[in-house]
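Before any comments, here is the structure.
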Amino acid sequence: MSFTVAIVGRPNVGKSTLFNRLVGKKLALVDDTPGVTRDRRPGDARLMGLTFTIIDTAGLEEADAESLQGRMRAQTEAAIDEADLSLFVVDAKSGLTPVDTDLAEMLRRRGKPVVLVANKSEARGSDSGFYDAYTLGLGEPTPISAEHGQGMLDLRDAIVAAIGEDRAYPAKEDVAVTDVDIPQTEDEDSDADEEPAYDETKPLRVAIVGRPNAGKSTLINRFLGEDRLLTGPEAGITRDSISVEWDWRGRTIKMFDTAGMRRKARVIEKLEKLSVADALRAIRFAETVVIVFDATIPFEKQDLQIVDLVLREGRAAVLAFNKWDMIEDRQAVLADLREKTDRLLPQARGIRAVPISGQTGWGLDKLMQSIIDTDRVWNKRISTARLNRWLETQQIQHPPPAVSGRRIKLKYMTQVKARPPAFMISCTRSDALPESYTRYLINGLRADFDMPSVPIRIHFRSPDNPFEGKKRRT
């Protein structure tokens, strides 16, 4: 059985740097500005043969419970209660502060194992801060440098001593191999072009994106049924892209909360640029992306740009009109939203749009069903035989244009990939085929094969001419 470790401490002592060092990736945002981390972020840590779950937390400060700092403190305390062990990080370079003393007292009252970590011990003049850490009464401090990776072996030994060797290195049970599934080769009679069925059990990655203060974190908290993510009336609370897992009707959903994305011209500060870059990585990692609109002020220019960005990345998209509980004339507003969706998002024809309320939980089941249905289309594969019959019908109904007196011929079509669906068409004069005919084929695929709301790519290829470049005989 693995164990969980929470990294705690006052702001700007290097908690996120240590978190990134232990997970081996730059997952948490790191900056010289105090208070960068706000939500608690879990990760899988590896330390000299030791594996465990690590939780990065916000810096602990004394603040009113209703303030932003107070809500951040509540998130950190929840992480301490969840963890089996706490890494109490102090800054050996700058020394102790009264906040460190208060935090040490709070950890003692919890009654759980604590490892005192003196970070930045590589700095000149850090010896005095290291020896001052003994006054906290939490045992011998472990000197490390999270930035340079020094002292990691000593940190491993301190964690093992605090948690116990039986818990740190659980004995692996011998698994007897009884039945082994031997993959069989595909016989000649099998249909290699058969359309695969959609896997209803595989985990699904979903990213929640949108403008600041659209209600993304509140929406995820309502899905989870707990205050897992930091929320509030302030815009731009979320900075890191935090992932959470939960089950919906027996299926594992991994959902990513992201920072609000403002217009590029307004993103000036370095920290906000890092947050937006983290949100873009979450979009690329996800399979389905939910773009959260504020139903009271929908279809701002930034909303449309976010939808276009998601589609250009090739992700499956679903629109969620949040704060529906604040709308009075719902029928009229819903009709207006549908009209604007069709008119302002022609590149996402048939995109699923669901009115919801993250505050009350209204419409969330319908939103999740739309996410599943969109992911099913995003993974869809169509057999080559059906595609070529469809292509022949399309050419009869609307023949390709003629170029220099010779009509372009579409000869063969096949699906080269899914996620998103991409097709290849072999034709003559592919460079001369107009964009309007490509749109005609894409719209036909959406209508005839029931593929709304997902980006569709069509690539045209002309066969090589074996006589090109050869001189004609005179």
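Every value quoted in this text rests on a predicted model; they were computed, and no experiment measured them.
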request  = Go through the steps for Thr51 and Asp44 under the test side chain to side chain contact (heavy atoms under 4.5 Å, CB included), then give the verdict.
outcome  = CA-CA 7 Å; Thr51 58; Asp44 297 326; over 6 Å; no

Quick one: does [X]'s side chain get under 4.5 Å of [Y]'s, heavy atoms only?
X      : Y      : answer
Met152 : Leu18  : yes
Val307 : Phe293 : yes
Met413 : Leu441 : no
Ser430 : Arg461 : no
Ile220 : Ile208 : yes
Val89  : Asn119 : yes
Phe299 : Thr341 : yes
Lys254 : Pro203 : no

Within the 3.5 Å criterion, strictly below it, is a donor on [X] or [Y] matched to an acceptor on the partner's side chain?
X      : Y      : result
Thr53  : Thr4   : no
Arg419 : Asn379 : yes
Asp373 : Gln369 : yes
Thr37  : Ser16  : yes
Gln75  : Arg40  : yes

Please indicate whether [X] has more than 12 foreign heavy atoms, meaning atoms of other residues, nucleotides or ligands, lying under 6.0 Å from its [atom1].
X      : atom1 : result
Arg46  : CZ    : no
Gln347 : CD    : yes
Lys202 : NZ    : yes
Gln302 : CD    : yes
Arg349 : CZ    : no
Arg407 : CZ    : yes
Arg343 : CZ    : yes
Lys366 : NZ    : no

Between [X] and [Y], is there a donor-acceptor pair closer than 3.5 Å when you use the side chain of the first and the backbone of the second?
X      : Y      : result
Arg315 : Ala286 : yes
Thr57  : Ile7   : yes
Thr218 : Gly358 : no
Glu287 : Arg205 : yes
Ser462 : Cys427 : yes
Asp39  : Leu229 : no
Asp375 : Ile371 : no
Arg446 : Val454 : yes
Lys380 : Pro421 : no

Can you give me the closest heavy-atom contact between [X] and [Y], atom names plus distance?
X      : Y      : result
Leu445 : Ile458 : CD1-CD1, 3.9 Å
Ala348 : Leu311 : CB-CD1, 3.5 Å
Ala28  : Arg41  : CA-NE, 4.0 Å
Ile283 : Met261 : CD1-SD, 4.4 Å
Phe52  : Phe3   : CB-O, 3.3 Å
Ile242 : Arg228 : CG2-NH2, 4.1 Å

Does this structure show an ion pair linking [X] with [Y], if we count only N-O contacts that are shorter than 4.0 Å?
X      : Y      : answer
Asp257 : Lys216 : no
Asp81  : Arg110 : yes
Asp325 : Arg222 : no
Asp303 : Lys340 : no
Glu147 : Lys120 : no

ask   = Which of these passes side-chain contact (heavy atoms from CB on, under 4.5 Å) with Trp324: Thr296, Val333, Val354?
value =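 Of all the options given, the one that passes is Val333.
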
Can you tell me how far apart [atom1] ([X]) and [atom2] ([Y]) are? Round to the nearest 0.5 Å.
X      : Y      : atom1 : atom2 : answer
Leu309 : Ile291 : CG    : CD1   : 9.0 Å
Arg429 : Leu433 : CZ    : CG    : 10.5 Å
Asp448 : Leu387 : CG    : CG    : 11.0 Å
Asn322 : Met326 : CG    : CE    : 10.0 Å
Lys411 : Leu391 : NZ    : CG    : 12.5 Å
Leu319 : Ile351 : CG    : CD1   : 4.0 Å

ask   = Could you walk me through whether Thr288 and Thr374 pass the side-chain hydrogen bond (donor to acceptor under 3.5 Å, both in side chains) check?
value = CA-CA 8 Å; Thr288 303; Thr374 302; over 6 Å; no

Pair Ile237-Arg71, side chain to side chain contact (heavy atoms under 4.5 Å, CB included): steps then yes or no = CA-CA 11 Å; Ile237 290 180; Arg71 300 197 299 274; 3.8 Å; yes

task = For side chain to side chain contact (heavy atoms under 4.5 Å, CB included), just list the numbers for Thr384 and Tyr412, CA-CA rounded to whole Å, side-chain angles, deciding distance to a tenth of an Å, and then say yes or no.
result = CA-CA 9 Å; Thr384 301; Tyr412 177 80; 3.4 Å; yes

inquiry  = Below 30° counts as parallel, above 60° as perpendicular, anything between as tilted: where do the rings of His398 and Tyr440 land?
reply    = perpendicular

key: Leu304 and Leu345: CA distance, side-chain angles, deciding distance, side chain to side chain contact (heavy atoms under 4.5 Å, CB included) verdict   = CA-CA 7 Å; Leu304 302 179; Leu345 296 171; 3.8 Å; yes

